[in-house]
Amino acid sequence: MKGVRHYPGFLAITLVCLAVLYVPLLVVAVYSFNASTSITKWGGFSLRWYVDVFTGPEAERFGLATWNSLTIALIAASIATAVAMSAALAMIRGGRFRGRGASYALINLPLMVPEMVVAVATLIFFTTIGLTTGYLTIVLAHITFCIPFAYLPIAARLSGIEDSYEQAARDLYATRWQAFRLVLLPLLGPGLMSGWLLAFIISLDDFIITNFVKGAGMETLPTAIFGSVKQGIKPNIMAISSLMLLVSILFVSLSYIINRRGRRAAP
Amino acid sequence: MAGLPRDEAGTAASYASLARPLLLPTWLIIGVFLLLPVLLMVVYSFLTKEFRGGVEWTFTLAAYEQFFVTRGLFGDEPPSIEWTYIIIFWRSIWQAALATLLCLVIGFPTAWFIATRPPQSRGIWLFLITIPYWVNLLIRTVSLRFILRDNGPLNDALIVTGLIDAPLPILNSDVAVQIGLFYSYLPFMVLPIYAAVERFEFALSEAAADLYANRWQVMLHVVLPAVRPGILAGTILVFIPALGAFLAPDLLGGAKAFMIGSLIDEQFRGSQGNWPFGAAISVILMTLVLIALFIQARAASRGAS
Amino acid sequence: MKRLLALTALAISAFSLQVTPGLAEGQLKVYHWFEYIPQELVDKFEKETGIDVTIDTFDSNEAMLASLKAGKLGQYDVTVPGDYMVEIMRNEGLLDSYTREEMPNFGNIAPEWVDAPFDPGRKHSIPYQWGSTAFSVNRDVYKGDISSLAIIFNPPDELKGKINVLDSQGEVLALGSIYLGIPQCTQDRVQLKALNDMLLAAKANWASFGSDTAKDVLVSGDAAAGMIYNGFSAKARAEGANVEYAFPKEGFVLWMDNMVLLKDAPNRANALKFMNFLLDPENAAAVTNYAAYNAGVKGVEPFLSDAVKKSPENNPPANQKGEFIKACDQETQKLYDAIWTNLKK
């Protein structure tokens, strides 16, 4: 019975949604080819900003900033997802225990504190305990605020999974670890995926906190972009953004291909 | 409440003995790197401000008094209620709530649609939703600004199609802010709902479909209760960040009025340099959010049992 | 999952190693605005001296002050605050001082900038770049007289609802005061009340507040007039907007960025070398050619590009005066803060 899965208009809304998401990117892509230095006036087609991204005077700085952003997001999202998953297991499968309410509040704390306050408070804290600001402090701060973004989808997923599956596995003499790895983990997959993706884009996009906890010589893409705004955004930022999009699309295509191969190899 | 276990049902305790060790990493990371700094900020809100930023370690309630009590521009009128900051809070809360509703109305069908695709293509759809977020929010907001301008592509398109005669003044209005907030936070609604719907047992709704007359009733009575954790998670993930958003109000709304985010920002890195007041605003905001979360949690657990 | 954790742990240690600077003898930590110094100039300094320069960036004077006060003081050798911020940092005790013997090129500082109001006698700072803040008008939209600040504060009908003002308390309140002819940092109630009322009335005619967008709104046509920094207006003109920068008859705001020696600088000697290097006319001109403002250094003219030298935005008419934004005392600042909050509530 097809009817309960399909609702009229949902496809249309999804398409509208995608259009809203992608039309501004179209503007970004188009203006990355602008011949003039403006991001609002078209001055003809040119590849000069792509050349600028790789060979211009700021090329090294933007390159390093991009690298930093991607690696920080990768590390922070992965650790945050692992931490969030273990927290979700405790919260959803841990029954009643003392400190659960407090734990719940703690997990959501990064969401509740305004970013600016986190930024100033964290910097004061880091300098008080004598931690020099740099790559490590950024990663630590990012892991912290990524946890609730990873936790909520994972927990939402987990609370929808009956624990009878694992019980059945345990009844068949699977160890707790086997029951987790072979039964629960695959079921959790979409939740983990959603959580990791959210954490990744949150980390990739963060400016306010990073701006405070970064140290000398450390730049991430958002701090570089916000910094360059002071002199006026030029199409080179649009070119960098378009390249980021390209990287993400390549990344997606690659994972799709790998996925299909894997499925064919193990039917 | 999203993420709060429904232990009243008594089905989910298979990790009971491991609960605390499993929570240890969370407590270590958030406890040390956020809770301690935040407690420091709570302390700051009760300290005397040092001119141009910083604090002096003497206790005072001056920051809270500044929030709630006014004595006029020159500080010599009899004290009365200060409405300025309450209005700013109200404005931010209203905008964030509206944006959350918008995200839900558009995000739910999208998440549903994705979750009902064949399993091998769901990942691709999810990535399609998140790919735009590889581009910095500032850049996305700037191009949104470009699109909404009086002589921008949107107005041009509407005029060419004959829907309107003169450009709609969308930019620097609340409508533009709503569009911006929607654009900023949509995936935070879609992904949690997707994670919940994907798990939904369609056998349930198929059974229900035999009892109820149409699928909209099925949606209302069977599906929505089942995927509620996802909806609540999405609501939290959109509403709270939207409360502190500053790029959409500044770049699309014209920054003509303070929002909570820009008001706090002004205290720490604006010319006002009033750290205790910034801390006090944050404490008030956190208290409100906490109260809202607990009301929601209680309502949710009552609904579940 | 274990493998993932191990991998990420490995990655963290690898990256943190990578960014740990080698403890070379010659280092210099600069806290600077983004894209405000040409990379070639930094390379030249590194080559001449063998000193390793690391640059960290901030995006506003106040953000820089906040992060120094939150604990970053002692990590940097020099930074580049604006005029009033030099005074604030001086009062806060965040600056170290130098003697003229330590700065061989001191004599290159243009005489009018030696005795700057924010650092009398230049004990902590050297000029970096200076310019002005006033407003620009799109001449396609409005062709009338633009010699008065009334364009912003009491605009003609053509410009109503098409004005962008800087989202910055200092500039808006200073220009407003200049328009009304009242002194900055006044405590006079009648004057402050007049300023408050005038701004509230003017706000009805403004489309938006925005500092970073001040140039783009003029180029795109979203605004037909706007408060703006002179260099930004020059860039708007270069991008093809028909805008004219005005030096209003009531006066305008002068600004000057300065390189200052920070207290507890880890590499004080190298910091002085760098400041001295920037006072060399050829090097100062290199910054000016890059940033398109004015250097406060004598003898830069031969090294300046024509575009910068002849820019109308860079050359105020001799008879019109600008003034720096003043840093008020605590009691007075409170009144100005209240006016600003009142304007934006």
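Any value given below was found using the heavy atoms of this structure, including those in side chains, with hydrogens, waters and symmetry copies removed. Letters go in sequence order (proteins before strands), and every chain restarts at 1. This structure is a prediction, so every number in the text was calculated from the model and none was measured.
- Of all the listed residues (A66(C), S168(C), S220(C)), the one sharing the greatest number of non-hydrogen pairs under 4.5 Å with chain B is S220(C).
- For I87(B), no part sits under 4.5 Å from any heavy atom of chain C, backbone or side chain.
- Chosen from E50(B), R149(B), M259(B), the residue pairing most often with chain C at heavy-atom distances under 4.5 Å is R149(B).
- Under the 4.0 Å criterion applied to side-chain N and carboxylate O atoms, D167(C) and K256(B) are not assigned as salt-bridge partners.
- Between chain C and the residues W275(B), F146(B), F268(B), F74(B), the largest count of heavy-atom pairs under 4.5 Å involves F74(B).
- When heavy atoms are compared at a cutoff of 4.5 Å, D222(C) approaches chain B solely by way of its side chain, counted from C-beta outward.
- Both the backbone and the side chain of I339(C) come within less than 4.5 Å of a heavy atom in chain B.
- Under a 4.0 Å N-O distance rule, the pair E266(B)/K344(C) does not qualify as a salt bridge.
- Shortest non-hydrogen contact noted between F51(B) and D329(C) is CZ-C, 3.8 Å.
- If you measure heavy-atom distances from Q330(C) to chain B, the contacts under 4.5 Å come from both the backbone and the side chain.
- Distance OG1/T341(C) to CD1/I88(B): 7.5 Å, rounded to 0.5 Å.
- Here the NZ-CG distance, from K334(C) to N274(B), works out to 10.0 Å after rounding to the nearest 0.5 Å.
- Put simply, CZ on F258(B) and CH2 on W340(C) are 7.0 Å apart, with the number rounded to the nearest 0.5 Å.
- A salt bridge is absent between D216(C) and R145(B); no separation between the charged side-chain nitrogens and carboxylate oxygens falls under 4.0 Å.
- The two residues K69(C) and R52(B) come nearest to each other via the heavy atoms NZ-O, 3.3 Å.
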